[in-house]
Amino acid sequence: MSVYLGIDVGSVSTNIVAMSEDDKILQKIYLRTKGQPIQTLLEGLKLIKEKLHNPEVKGVGTTGSGRQLAAVIIGGDVVKNEITAHAVAAAKMVPGVKTVIEIGGQDSKIIIMKNGIVNDFAMNTVCAAGTGSFLDQQASRLNIRIDDFGSIALKAKNPVRIAGRCTVFAESDMIHKQQMGHSLEDILAGLCEALVRNYLSNLGKGKSLLEPVAFQGGVAANIGIKHAFEKALSLNVIVPPNFDVMGAIGVAYLAKSAVQNGKSKFKGFDISEAQFQASSFECSNCSNACEVVQIAKDKKIIARWGDRCGRWTALDKTDKMIG
Amino acid sequence: MKVTYPHMGNLYLAANALLEGLGCEVIMPPFCSKKTLSLGTKYAPESACLPLKINLGNYLEAIEKGADTIVMIGGVGPCRIGFYGQTQSDILNDLGKNIKMVVIEPPDVSFKEVWQKIMELKNASWVKVIKGVHLAWEKIYSADRLEKYMEWLRPRAIKQDEAEKIYNEALILLDKTKNIRQVKNIVKNTLHKLEELADYQAENIIKIGIVGEVYTVIEQYANLQLERQLGKLGVEVERSIYLSEWINDHLLSGILPIKSSKKIDQLASPFLNHFIGGHGKQTISHSVDFARRGFDGIIQVGPLTCMPEIVAESILPAINETYGVPIMTIFVDEQSGEAGLNTRLEAFTDMIKYKKDLNFKGCELCQSI
Ligand code: SF4
């Protein structure tokens, strides 16, 4: 069996998909990154190998904030940012898609598509009140499982209005509303609406959102949020299958088209046995004080980046050991 | 008197020459680094914008090196830079630093004011002063020429790192020399070396104009090396403002015969008809200028919470609608990270490249899907 791998290494989760020649998602793996991207990646690779019985890998694409790292370690054919990756997957999964809403654990994006390509986008990396971690926190504060969040919210009769501009305000406002005796359903629905308002006012500014709308990213599992979006936009919102690994699916497609008449740079499943170390140091050779990141495989440095002058990237990598 | 000043791009080249010409002992602040920013962030009000924080860090590092007088350029109009001088000297006072602050306001009213401030610092013969002014001008003008060449070269460079190295070495030489003839030679030699690295056949180069608040446009530490990052992505960059033009427009009332933004300013109307402080109006006018000249994209940069840039940001979609040029806004503060910026820059350039492809031979991305 031959497959294309799509790998999305984020700060919260690492997603890997294996896609067949005819674009079927044969396997998807979701792992918590837990601050150890390399280990998580190698673990995921092992799982793919076991579950698909050592498939032939014809192409590899990486995305997410750890995309460079991942590409260096396992040999990536395509290294792409999350926005392009999500857009590619959405265009494939939701024909004619014009608006892509993506909300993950740490950041969120909006992508406006025209004729199958990105026409405009915005990305929010600073404000936590428009992301999945906000919901996680509030769910645990209210002592409910995140999986139940959406279905409880749907039962609301009168969602309360919660100030969702900022997680700190939202939290104190929510406590206040609880004390006033609002029901759990109404509060949860209010939270969904607050997140949607926050998202739309941060990212939707000045953009006209047209149908079809695709909603992807981990938060799309929350039916309450989907509902809140539909209410706020008066549009129908589609949650595609595999909504939670769309970034990985996007780069798997890109990898497939990139290696069309070439050979993959994939280093083989054996590398999951190798020892990798990542380290960083601050260069003091000039005033830029760059933070240089280096990756070593079995104690040999295989890649470095982060320098502005090329001093470290260009060094002869093969004979340097980690100190 | 041991004089220092805040960094802003290559301004230090002019500042060193000028202040030395005036007969001051100059303490150049260390170049902006993580340490500068963390010092500034520690002592500045949290809601202050990034330029104030970095400036403050510059001062503190310079004071550590013995500076006792700060020269800075103030601002007029409804923008917080008007308060910078006062706020910064108050903060330094509260920290027990005994510092004299000389704030030079742009002479939008009269040139006399600038002159008086300069007189306060003068401690040398007129001949020396005039030489200093001339040298300072020559240096900053030369640095701008090199910088502009780098903006063209980066996406075309055969060895990008090598080009950066040559450029950086030239700046060091420029700073050291006290001789105008040498300044010209350095420029000539450097351009010569850089030209050899240019690949004139380079393909897929797109052109992006940078607009926004002056400090974040010019100071590459503040904008996370925006121009170099774009260069690596195959983008040729042009900025709305270069230091020599800014000095000429704002400090010399535009007396020198070089490119001035005055004419371009008129392009802001009908999108924006009023001065809104800072560089808000220029952001609009230069965006129109870039759009009319057929640039592939525009990036606006500004410090987070910068009022004039927020107003401008809300007008940019109208320019996008009128001219169809993609525009992206980047606000920076001490929390900005290079990784997040890179993701957006890469996505923005990807988007432009795919769009361009579409017009000619159909999109490779769509075909593969
Ligand atoms: S890596 Fe290069 S640019 Fe960065 S601090 Fe070291 S010498 Fe300077």
Side-chain angles (χ1 to χ4, degrees), chain A residues 11 23 63-68 79-89 91-93 95 106-107 109 111-126 205-208 250 253-254 256-258 260 282 284 286-291 306-314, chain B residues 7 29-36 159-165 168 172 220-221 225 228-229 304 313-318 320-321 324 326-329 331 333 335-355 357-358 362-369:
Chain A
S11 51
D23 298 353
T63 185
S65 54
R67 59 186 180 276
Q68 267 178 317
V79 185
K80 266 291 162 224
N81 64 84
E82 303 91 289
I83 291 162
T84 306
H86 275 280
V88 168
K92 177 86 183 180
M93 297 294 195
Q106 291 294 299
D107 55 29
K109 316 167 183 65
I111 307 170
I112 308 294
M113 311 276 292
K114 206 171 163 183
N115 304 324
I117 60 165
V118 179
N119 193 55
D120 192 9
F121 67 85
M123 184 179 181
N124 176 16
T125 51
V126 202
K205 257 185 307 200
K207 306 193 192 322
S208 52
Y253 285 131
L254 288 170
K256 185 180 166 191
S257 64
Q260 250 157 17
E282 195 174 290
S284 53
C286 88
S287 59
N288 280 332
C290 300
E291 182 148 349
D307 54 342
R308 297 199 172 119
C309 63
R311 178 191 176 93
W312 297 100
T313 331
Chain B
H7 273 297
F31 288 109
C32 303
S33 68
K34 244 185 272 163
K35 189 182 160 215
T36 317
K159 290 185 198 147
Q160 230 179 44
D161 296 332
E162 185 69 23
E164 298 291 353
K165 216 173 106 209
N168 283 332
I172 294 170
Q220 298 294 305
Y221 180 77
Q225 313 284 334
R228 279 184 217 175
Q229 308 286 16
L304 191 70
E313 183 194 12
S314 69
I315 299 172
L316 291 175
N320 166 271
E321 197 136 297
I327 307 177
M328 176 168 75
T329 297
F331 282 121
D333 73 353
Q335 313 227 353
S336 307
E338 251 172 59
L341 176 71
N342 274 345
T343 296
R344 279 176 292 165
L345 293 181
E346 194 190 302
F348 191 64
T349 47
D350 270 2
M351 172 177 100
I352 291 171
K353 285 177 184 167
Y354 287 133
K355 267 191 193 176
D357 269 354
L358 196 64
C363 170
E364 159 199 335
L365 190 68
C366 319
Q367 281 167 0
S368 72
I369 289 170

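Within every chain, numbering begins at 1; the chains are lettered A, B, ... in the order of the sequence lines, protein sequences first and strands thereafter. These numbers come from the heavy atoms of this one structure, side chains and all, not from hydrogens, waters or symmetry mates. Given the structure is predicted, the values throughout are model-derived calculations rather than measurements.
Heavy-atom pairs under 4.5 Å with chain B peak, among Lys256(A), Gln68(A), Lys80(A), at Lys80(A). Contact count versus chain A (heavy atoms, under 4.5 Å) is highest, among Ser314(B), Ala163(B), Ala347(B), Ala339(B), for Ala347(B).
Take Asn342(B) and apply the side-chain hydrogen bond (donor to acceptor under 3.5 Å, both in side chains) test, not counting sequence neighbours, and it matches no residue. By the side-chain hydrogen bond (donor to acceptor under 3.5 Å, both in side chains) test, Thr36(B) is found to be paired with Ser33(B), Glu61(B), residues two or more places apart in sequence or in another chain being considered.
Only the side chain of Lys34(B) comes within contact range of chain A, judged by heavy atoms closer than 4.5 Å.
A salt bridge links Arg228(B) to Glu164(B): at least one charged side-chain nitrogen sits closer than 4.0 Å to a carboxylate oxygen. Taking a cutoff of 4.0 Å between a charged side-chain nitrogen and a carboxylate oxygen, Glu346(B) and Arg67(A) qualify as a salt bridge.
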